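Questions regarding the structure given below will be posed in turn.
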Amino acid sequence: MSISKISATIGFAAIILLSACTPEPGVKVVKGFPAYEPGYEQGVSACFAAQIANNLVMAGGANFANTPAAEGGAKCYYSGIYGARCNGDSLRWERFGSLPEPLAYGVAISNADSLMVIGGCNAYGPSKRCYSIHVEYNRAFLRELTSLPVAIDNAAGCCLDHKAYLVGGNVDGKPSAKIYWRDLLKRRSEWKELTDMPQARVQPVCAALDGKLLVWGGFTPAGDSCQAVVHTDGLVFDLATGEWSEVAAPTIDGKEITLAGGSMAALNEHTIMAFGGVNREIFTDAISGQYALVEKDKYLLQPVEWYRFNAHLLTFDITTGQWTDHGAYPSLARAGAAIAVGSQRPAVKVGSNAPTPVHELQTWCVGGESKPGIRAPEVTRIILEKKQKQ
């Protein structure tokens with residue numbers, strides 16, 4: 001199974017998160033999914049996404065549109081860039097443009113008014129290319145950025161203090177513990193390395209805040225001298241001291257879970273949100289080649305519920321070092337979903353007696369797979385807070 005990890009970092013002044021008992025529409029599937037490229041309407045995982053102004057923008061992605069993965073089908077990659085206004089409970093998608101080539105499994109980072117597309121891969125192999133997507137009048141414009149020194153796919157990424165960070169993934173086709181960064185204020189800035197993680201992690205999640213880079217999940221495939229590992233533990237890298245240390249793993253009902261293949265974003269200077277990801281036991285059994293839970297030729301044929309993807313909405317507070325479980329939502333049980341964070345101000349007629357407009361903080365879960373090989377052609381909106389306009 002191929003799944004991706006995409007992260008973004010956007011700061012907000014305040015946030016009030018939903019409690020576990022909060023009902024819909026706190027977490028709600030909104031109507032509409034792009035259908036401009038043949039096969040795209042079946043849903044994609046490992047796409048790139050961000051909220052730019054009041055547009056939700058998504059690009060690329062991959063699926064098995066022609067022949068199911070369970071039947072040995074080849075993966076299809078896409079190049080379309082799509083946008084939809086973030087108002088209401090439905091998304092009216094338009095095609096804004098195209099990526100230079102079909103692409104998925106890269107890193108998407110929101111940077112001010114643009115979406116950075118970093119690395120990734122397609123049917124021809126992994127990529128070193130980096131560029132940013134800008135949107136004007138429902139059209140996408142691409143700006144070439146400094147290429148990576150190596151080809152990277154299935155990594156995690158985030159930004160802090162105008163610096164972009166890439167974590168783990170595959171580097172030139174091999175599982176990596178590398179950390180790369182570059183200065184976003186300098187267009188020609190080169191990518192540089194930080195101190196490696198203690199172990200390689202493919203498809204981890206990460207976020208950066210308060211001078212620290214935090215990493216959870218991911219997996220290390222079996223090698224010549226090591227067994228396959230699906231990680232639950234967390235790591236924190238102090239950007240000032242250059243040292244790694246441990247941080248609390250996410251738990252549900254007292255049991256550690258993995259965020260491998262999940263989605264993560266820093267919401268303000270102390271809060272991180274995460275959801276989705278594979279089940280540790282089931283995924284370990286598969287990538288280790290043991291297939292003790294189900295026969296190998298039947299692994300892709302099980303019902304969605306059997307794979308037990310993580311459906312819980314979780315938050316981590318860096319000031320307390322504690323995770324909070326905000327409840328389970330079936331539409332968040334995805335692997336390889338893109339995450340985008342933004343805000344919305346509802347329209348109010350000029351001269352009306354309506355209350356002062358409010359800003360609605362929201363997070364988007366875009367696409368992803370509901371089980372290995374099967375994509376979810378949907379977008380889920382998580383409403384975080386309504387904040388009075390200042």
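Because the structure is a prediction, the values reported are computed rather than measured.
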Checklist line | Neighbour count above 12 (heavy atom, 6.0 Å) for Glu41 CD | finding: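 Count over threshold, so yes.
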Next item on the list: Check whether any side-chain N or O of Arg381 sits under 3.5 Å from a backbone N or O of Thr363 as a donor-acceptor pair, and report yes or no.
Entry: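 A pair under 3.5 Å: no.
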Margin query: Between Gln203 and Asn154, do the side chains contain a donor N or O and an acceptor N or O under 3.5 Å apart?
Written below: yes
Next item on the list: For atom CG of Asp253, decide whether the heavy atoms of other residues, nucleotides or ligands shown that lie under 6.0 angstrom number more than 12.
Entry: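 No, not enclosed.
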Notebook entry, point to check: Are the side chain of Asn63 and the backbone of Gln42 linked by a donor-acceptor contact shorter than 3.5 Å?
Noted result: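 Side chain of Asn63 to backbone of Gln42, a donor-acceptor pair under 3.5 Å: no, none is there.
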Check: Hey, mind stepping through Gln322 and Asp317 against side-chain contact (heavy atoms from CB on, under 4.5 Å) and telling me if it holds?
Finding: CA-CA 6 Å; Gln322 299 296 316; Asp317 190 325; 5.6 Å; no
Margin query: Minimum heavy-atom separation for Leu56 and Ala340, please, with both atom names.
Written below: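 Where Leu56 meets Ala340 most closely, the heavy atoms are CD1-CB, 4.0 Å.
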Check: Are the side chains of Thr284 and Asn279 in touch, meaning some heavy atoms are under 4.5 Å apart?
Finding: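 No, their side chains stay 4.5 Å or more apart.
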Notebook entry, point to check: Does Cys121 offer a backbone N or O that forms a donor-acceptor pair with the side chain of Asp153 under 3.5 Å?
Noted result: no
Checklist line | Residues Glu378 and Lys31 bridged, charged N to O under 4.0 Å | finding: no
Check: Do the ring centers of Tyr299 and Tyr307 come within less than 6.0 Å of each other?
Finding: yes
Item checked: Side-chain heavy atoms of Leu293 within contact of Glu281, under 4.5 Å ->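 Answer yes - side chains close enough.
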Item checked: Steps toward side-chain contact (heavy atoms from CB on, under 4.5 Å) verdict (Ile282, Arg308) -> CA-CA 8 Å; Ile282 293 173; Arg308 289 185 285 159; 3.7 Å; yes
Check: Rounded to the nearest 0.5 Å, how far does CE of Met116 lie from SG of Cys130?
Finding: 6.5 Å
Margin query: Any donor-acceptor pair under 3.5 Å linking the side-chain atoms of Asn138 with those of Glu94?
Written below: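 A pair is found: one side chain offers a donor N or O, the other an acceptor, under 3.5 Å apart.
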Notebook entry, point to check: Between Thr380 and Leu332, what is the shortest heavy-atom contact and its length?
Noted result: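 It is CG2-CD2, 4.0 Å.
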Check: Between Lys75 and Tyr105, is any side-chain donor less than 3.5 angstrom from a side-chain acceptor?
Finding: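 Result is yes, a qualifying pair exists.
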Notebook entry, point to check: Between Asn122 and Pro102, is there a donor-acceptor pair closer than 3.5 Å when you use the side chain of the first and the backbone of the second?
Noted result: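 Judged by distance alone, yes, a pair lies under 3.5 Å.
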Item checked: Distance in Å, Gln51 CD paired with Leu115 CG, rounded so as to fall on 0.5 Å steps -> 12.0 Å
Notebook entry, point to check: Are the side chain of Ser370 and the backbone N or O of Ala376 linked by a donor-acceptor pair below 3.5 Å?
Noted result: no
Using a 3.5 Å cut-off and no angle test, enumerate the donor-acceptor pairs between side-chain atoms of residues 65-74 and protein atoms at least two apart in sequence or in another chain.
none

Next item on the list: Examine Phe141 and Val57 and state if one hydrophobic cluster contains both, with Ile, Leu, Val, Met, Phe, Trp and Tyr joined whenever side-chain heavy atoms are less than 4.5 Å apart.
Entry: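 No, because Phe141 and Val57 fall into different hydrophobic clusters, even though each may have its own neighbours under 4.5 Å.
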Next item on the list: State, yes or no, whether a side-chain contact exists between Leu239 and Leu160 at a heavy-atom distance under 4.5 Å.
Entry: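 Contact flag for Leu239/Leu160 side chains = yes.
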Next item on the list: Look at the rings of Trp323 and Phe316 and say which category their plane angle falls in: under 30° parallel, 30 to 60° tilted, over 60° perpendicular.
Entry: tilted
Check: Among Val44, Leu91, Ile81, which residue meets the side-chain contact (heavy atoms from CB on, under 4.5 Å) test with Met58?
Finding: Val44
Item checked: Check: Lys298 main-chain N/O paired with Gln302 side-chain donor or acceptor under 3.5 Å -> yes
Check: How about Ile152 and Val107: do any of their side-chain heavy atoms sit closer than 4.5 Å?
Finding: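 Ile152 vs Val107: side chains apart.
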Item checked: Polar side chain donor-acceptor pair, His231 to Thr258, under 3.5 angstrom ->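 No pair is found: no donor N or O on one side chain lies under 3.5 Å from an acceptor on the other.
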Next item on the list: Measure the spacing between CG of Leu235 and NZ of Lys212 and express it to the nearest 0.5 Å.
Entry: 14.5 Å
Notebook entry, point to check: Do Tyr36 and Val379 share a hydrophobic cluster, counting only Ile, Leu, Val, Met, Phe, Trp and Tyr and linking them when any side-chain heavy atoms are less than 4.5 Å apart?
Noted result: yes
Checklist line | Hphob cluster co-occupancy, Val229 + Tyr291, side-chain heavy atoms under 4.5 angstrom | finding: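 No: no chain of side-chain contacts under 4.5 Å links Val229 to Tyr291.
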Check: Does a side-chain heavy-atom distance below 4.5 Å link Asp233 with Glu256?
Finding: no
Item checked: Donor-acceptor under 3.5 Å (Arg182 side chain, Lys186 main chain) -> yes
Next item on the list: For the residue pair Arg334 and Ser331, confirm or rule out a side-chain donor-acceptor distance under 3.5 Å.
Entry: no
Note to self: Could you tell me if the side chain of Val294 sits less than 4.5 Å from the side chain of Trp306, heavy atoms only?
What the structure shows: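 Yes - at least one pair of side-chain heavy atoms lies under 4.5 Å apart.
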Checklist line | Asp161 atom CG, over 12 foreign heavy atoms within 6.0 Å | finding: no
Margin query: Please check this pair: side chain of Ser263 against backbone of Ala337, looking for a donor-acceptor N/O pair closer than 3.5 Å.
Written below: yes
Notebook entry, point to check: Is a side-chain donor-acceptor pair under 3.5 Å present for His134 with Ser132?
Noted result: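 Yes, because at least one side-chain N or O of Ser132 sits under 3.5 Å from a partner of the opposite role on His134.
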Item checked: Point-to-point distance, once rounded to the nearest 0.5 Å, from CG of Asp325 to OG1 of Thr251 -> 8.0 Å
Next item on the list: Please collect all salt bridge (charged side-chain N to carboxylate O under 4.0 Å, His left out) contacts where either partner lies in residues 131-148, sequence neighbours excluded, each pair once.
Entry: Arg129-Glu144
Check: When hydrophobic residues are tied together by side-chain contacts of less than 4.5 Å, even through go-betweens, does Phe64 share a cluster with Ile374?
Finding: no
Checklist line | Lys128 with Asp172: basic N within carboxylate O range, under 4.0 Å | finding: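 No, Lys128 and Asp172 are not salt-bridged.
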Next item on the list: Any chance you could lay out the side-chain contact (heavy atoms from CB on, under 4.5 Å) test for Lys371 and Glu305, step after step, and finish with the verdict?
Entry: CA-CA 8 Å; Lys371 59 172 278 188; Glu305 296 77 14; over 6 Å; no
Check: Does Trp244 use its side chain to pair, donor to acceptor, with the backbone of Thr195 at less than 3.5 Å?
Finding: yes
Next item on the list: List the steps, then state whether ring-ring contact (aromatic ring centres under 6.0 Å, His included) holds for Tyr165 with Tyr180.
Entry: CA-CA 6 Å; Tyr165 297 92; Tyr180 292 90; over 10 Å; no
Next item on the list: May I ask you to say whether Lys178 pairs ionically with Glu193, meaning some side-chain N is under 4.0 Å from a carboxylate O?
Entry: yes
Next item on the list: Specify the closest pair of heavy atoms between Tyr77 and Ala104, including all atoms of both residues, with the distance to one decimal.
Entry: CD2-CB, 3.9 Å
Check: Would you say the side chain of Val202 lies within less than 4.5 Å of the side chain of Thr220, judging by non-hydrogen atoms?
Finding: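 When only atoms from C-beta onward are counted, Val202 and Thr220 do not touch, as no gap falls below 4.5 Å.
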Next item on the list: Determine, using ring centers only, whether Tyr82 and Tyr40 are less than 6.0 Å apart.
Entry: yes
Margin query: Check this for me: does any side-chain nitrogen of one of Lys192 and Asp183 sit under 4.0 Å from a carboxylate oxygen of the other?
Written below: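 Result for this pair is no, no salt bridge flagged.
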Checklist line | Least distance between heavy atoms, Ser127 atom then Leu148 atom | finding: O-CD1, 4.3 Å
Notebook entry, point to check: Side chain of Asn111, backbone of Ser114: donor and acceptor closer than 3.5 Å?
Noted result: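 Between the backbone of Ser114 and the side chain of Asn111 there is no qualifying donor-acceptor contact (under 3.5 Å).
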Notebook entry, point to check: If we only count heavy atoms from C-beta on, is the Phe275 to Cys365 side-chain gap below 4.5 Å?
Noted result: yes
Check: Taking atom CG of Asp196 and atom OG of Ser176, what is their separation to the nearest 0.5 Å?
Finding: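 Between atom CG of Asp196 and atom OG of Ser176 there are 6.5 Å.
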Notebook entry, point to check: What are the two closest heavy atoms between Pro100 and Leu142, and how far apart are they?
Noted result: CD-CD2, 3.4 Å
Notebook entry, point to check: At their closest point, which heavy atom of Trp364 faces which heavy atom of Val30, and how far apart are they?
Noted result: CZ3-CG2, 4.1 Å
Next item on the list: Start with the C-alpha distance between Ile382 and Met273, add both sets of side-chain angles, then the distance that settles side-chain contact (heavy atoms from CB on, under 4.5 Å), and finish with yes or no.
Entry: CA-CA 11 Å; Ile382 307 167; Met273 171 184 282; 4.1 Å; yes
Check: Out of curiosity, Trp216 CH2 to Leu314 CG, how far, rounded to the nearest 0.5 Å?
Finding: 10.5 Å
